[in-house]
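Notes for the one structure printed next.
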Amino acid sequence: MTVATPAASPVTTPQASVPPDGLPAYRLLTGPDDASFCRRVSDALALGYRLYGSPAATFNGQTVIVAQAIVWPGTVA
């Protein structure tokens, strides 16, 4: 006999209507393509920001420079 169990509903926490610590709703993170840049993007995502658009990359003659736009949820349609 198989017993059906209801699927666990995801736990959601209420999202603040504004970013924490006076941060802007839109941010463009830029820097060398390294672990430090990835950490900055990951930290912003952990705060509640969402990626906006595709990342961009360019070469400045010495290193690859990357950019990623992020937005606070609910601020961009």
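Computed from a predicted structure; not experimentally measured.
Taken from OG1 in T30 to CZ in R40, the straight-line distance is 6.0 Å, to the nearest 0.5 Å. We find the CD-CG distance between Q68 and L45 to be 8.0 Å, quoted to the nearest 0.5 Å. The CD1 atom of I65 sits 8.0 Å away from the OG1 atom of T58 when rounded to the nearest 0.5 Å.
Between V71 and Y49, the closest side-chain pair of non-hydrogen atoms is not below 4.5 Å. Within the 4.5 Å cutoff, side-chain heavy atoms of L29 are placed close to those of I70. Looking at L51 and V41, their side chains come closer than 4.5 Å, going by heavy atoms from C-beta outward. Using a 4.5 Å heavy-atom threshold, the side chains of R27 and W72 count as separate. With a 4.5 Å cut-off on side-chain heavy atoms, P20 and L47 count as touching.
Closest approach of P24 and P19 over heavy atoms only: O-CG, 3.6 Å. The minimum heavy-atom distance linking V66 with A57 is given by the pair CG1-CB, 4.0 Å.
Applying the side-chain contact (heavy atoms from CB on, under 4.5 Å) criterion to A69, with sequence neighbours excluded, gives Y26, L28, Y52.
Proximity of a side-chain donor or acceptor of D34 to a complementary backbone N or O of S36 within less than 3.5 Å is detected.
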